[in-house]
Number of protein chains: 2
Amino acid sequence: MGRVGLTTERLVRAGAELADEVGFDQVTVSALARRFDVKVASLYSHLRNSQDLRTGIALLALEELADRGATALAGRAGKDALTALANVYRDYAAEHPGRYAAAQLRLSPEAAANSAGSRHARMTRAVLRGYDLTEPDQTHAVRLLGSVFHGYVSLELGGGFSHSAPDSQETWTRILDALDALLRNWPGE
Amino acid sequence: MGRVGLTTERLVRAGAELADEVGFDQVTVSALARRFDVKVASLYSHLRNSQDLRTGIALLALEELADRGATALAGRAGKDALTALANVYRDYAAEHPGRYAAAQLRLSPEAAANSAGSRHARMTRAVLRGYDLTEPDQTHAVRLLGSVFHGYVSLELGGGFSHSAPDSQETWTRILDALDALLRNWPGE
DNA sequence: TCATGTGCCTAAACCTTCTAGGCAAATGAG
DNA sequence: CTCATTTGCCTAGAAGGTTTAGGCACATGA
């Protein structure tokens, strides 16, 4: 039996693909071993445990999302930037539902610190530079946008908006309009 | 060995408690059997399978949430109603994190039809009666509120807003102010 | 060409899910 | 009250996932 050339990197990537195909909670060390046609124990030279694999997929997803966000925001401002960033999350979730689910994994403090989480916060702040908000309102707005993006995408992914009129795309567009209006006219205290 | 008096009902309730204590994804038929000091196989007279248990917990959580919502909305309108319903979700998630996680479970179409899901949609519509929205804007607004409530609560539960200023309660209050302002001034097309 | 280390292996323990079949306690009919 | 039936929890066991320990062989660099 020759060597297959396993690395943590390759395992995490394959795990991410597996997650998109069968769902994040069906990602198992055994299934991954099958995919590489290798015995299960062999993976434990590259992974501390199965949680390690899941964390790796989560970190990968967060990086990919941040990369897409950075690209989308380049050269945009105001509502254009808002829409672009919002669509990054929604489109990524549609293309990679397993990875998106992974990105919601509760990370340990150390893992969170090493994650792209802060890039996401910074991107949202970048969007808000197009609106006239100062602290602490800007932080409130960052959290609102995070909530809406995450909430909408995960309800949509769960099938919450399918099979009922009006269609989800229409609502999405109108919600972004509404957020833009709200940010331009943020209520003072 | 006497009989313990297991029923599906009791198992689901105990499963919900277990979920709140150790997390929804740690809820297992084995752990439940341990809790009743009974052999695992005994539970299979009352549960078709472990997914059945999880679904039962999800349905219980949705009912409890809807009950709390109905109580909170009684006699309230406008922003008062908006705040009351929003706090139902947030407080329930804080008190019962495992059950709240269960409520996010992707249900089969049949289970969803038997769930309290439609009560939740109706409650949100009831809140919106205090604002001047007609279809299809009302549906857009229902979806926005669902997204914000769910998104905020799940980010908060995941620890997203802890250990950074301003504190989460402050943001929550300001987000509800902002949503109220937005609904009173919903942008037309 | 040999020494070393690494990669994947076998073996085995332990846990969770789930099915089949059995005994005994509870229940209800006569 | 007694007996038949139902029901509740049991033992046994298969199948699959996680994880550790230890081994052999292939790759690498001296």
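Order of the sequence lines fixes the chain letters, A, B, ..., with proteins taken first and strands second; residue numbering starts at 1 for each chain. These numbers come from a predicted model, not from an experiment.
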Visitor: Whole angstroms only, please: what is the CG-P distance between A:L11 and C:dG7?
Guide: 11 Å
Visitor: Which part of the nucleic acid does B:V4 contact within heavy-atom distance under 4.0 Å: base, sugar-phosphate only, or nothing?
Guide: sugar-phosphate
Visitor: Please check the phosphate of D:dG16 (OP1 and OP2 only) for any side-chain N or O of A:T28 closer than 4.0 Å.
Guide: no
Visitor: Taking NZ in B:K79 as the centre, count heavy atoms belonging to other residues, nucleotides or ligands within less than 6.0 Å. Is the count above 12?
Guide: yes
Visitor: Under 4.0 Å between a side-chain N or O of A:H46 and OP1 or OP2 of C:dT6?
Guide: no
Visitor: Between B:R90 (side chain only) and B:A86 (backbone N and O only), is there a donor and an acceptor less than 3.5 Å apart?
Guide: no
Visitor: Between C:dC18, C:dT10, D:dT19, spot the one nearest the side chain of B:S50, thanks.
Guide: C:dC18
Visitor: Using salt bridge (charged side-chain N to carboxylate O under 4.0 Å, His left out) as the criterion, point out the one residue from B:E63, B:E64, B:E21, B:E17 that pairs with B:R99.
Guide: B:E64
Visitor: Could you tell me how far apart A:R54 (CZ) and D:dG17 (P) are, to the nearest whole angstrom?
Guide: 13 Å
Visitor: Please compare A:V40 and B:T7 by the position of their nearest nucleotide in DNA chain D and report the one closer to 5'.
Guide: B:T7
Visitor: To the nearest Å, give me how far apart CG (B:L43) and P (D:dC9) are.
Guide: 9 Å
Visitor: For the side chain of A:V38, counting heavy atoms from C-beta on, which of C:dT17, C:dC9, C:dT19 is nearest?
Guide: C:dC9
Visitor: How long is the straight-line distance from OG of B:S147 back to CZ of B:R143, given to the nearest 0.5 Å?
Guide: 9.5 Å
Visitor: Contact class for A:A31 vs. all strands (heavy atom < 4.0 Å): base, sugar-phosphate, or nothing?
Guide: nothing
Visitor: Quick check on A:D132: does its CG atom have over 12 non-hydrogen neighbours (other residues, nucleotides or ligands) under 6.0 Å away?
Guide: no
Visitor: To the nearest 10 degrees, what angle separates the axes at the start and end of the helix from C:dT1-D:dA30 to C:dG30-D:dC1, five pairs each?
Guide: 10°
Visitor: Is the phosphate of D:dT18, meaning OP1 or OP2, less than 4.0 Å from a side-chain N or O of A:S30?
Guide: yes
Visitor: What nucleic acid atoms does B:S45 come within less than 4.0 Å of, heavy atoms only: base, sugar-phosphate, or nothing?
Guide: base
Visitor: Of all the nucleotides listed (C:dT17, D:dT19, D:dC9), which has the minimum atom distance to the side chain of B:L6?
Guide: D:dC9
Visitor: The side chain of B:N49 lies closest to which of these nucleotides: C:dC8, C:dC18, D:dC10?
Guide: C:dC18
Visitor: Please give, in whole Å, the distance from D:dC10 C1' to B:F36 CZ?
Guide: 17 Å
Visitor: Check the distance between D:dG13's C1' and B:Y44's OH and give it to me in whole angstrom.
Guide: 14 Å
Visitor: Would you mind reading off the distance between A:Q26 atom CD and D:dT18 atom P, rounded to a whole angstrom?
Guide: 11 Å
Visitor: Quick one, B:Y152 and B:F161 - any side-chain contact, counting heavy atoms below 4.5 Å?
Guide: yes
Visitor: Any salt bridge between A:R125 and A:E135, counting N to O under 4.0 Å?
Guide: yes
Visitor: Provide, to the nearest angstrom, the distance between the CG atom belonging to B:D52 and the P atom belonging to C:dT19.
Guide: 11 Å
Visitor: Is the A:H96-A:Y92 ring centre distance short of 6.0 angstrom?
Guide: yes
Visitor: In terms of side-chain heavy atoms of B:R34, which of C:dC15, D:dC10, C:dC9 is nearest?
Guide: C:dC15
Visitor: Take the protein atom NZ of B:K39 and the nucleotide atom P of C:dT16, then report the distance between them rounded to whole Å.
Guide: 13 Å
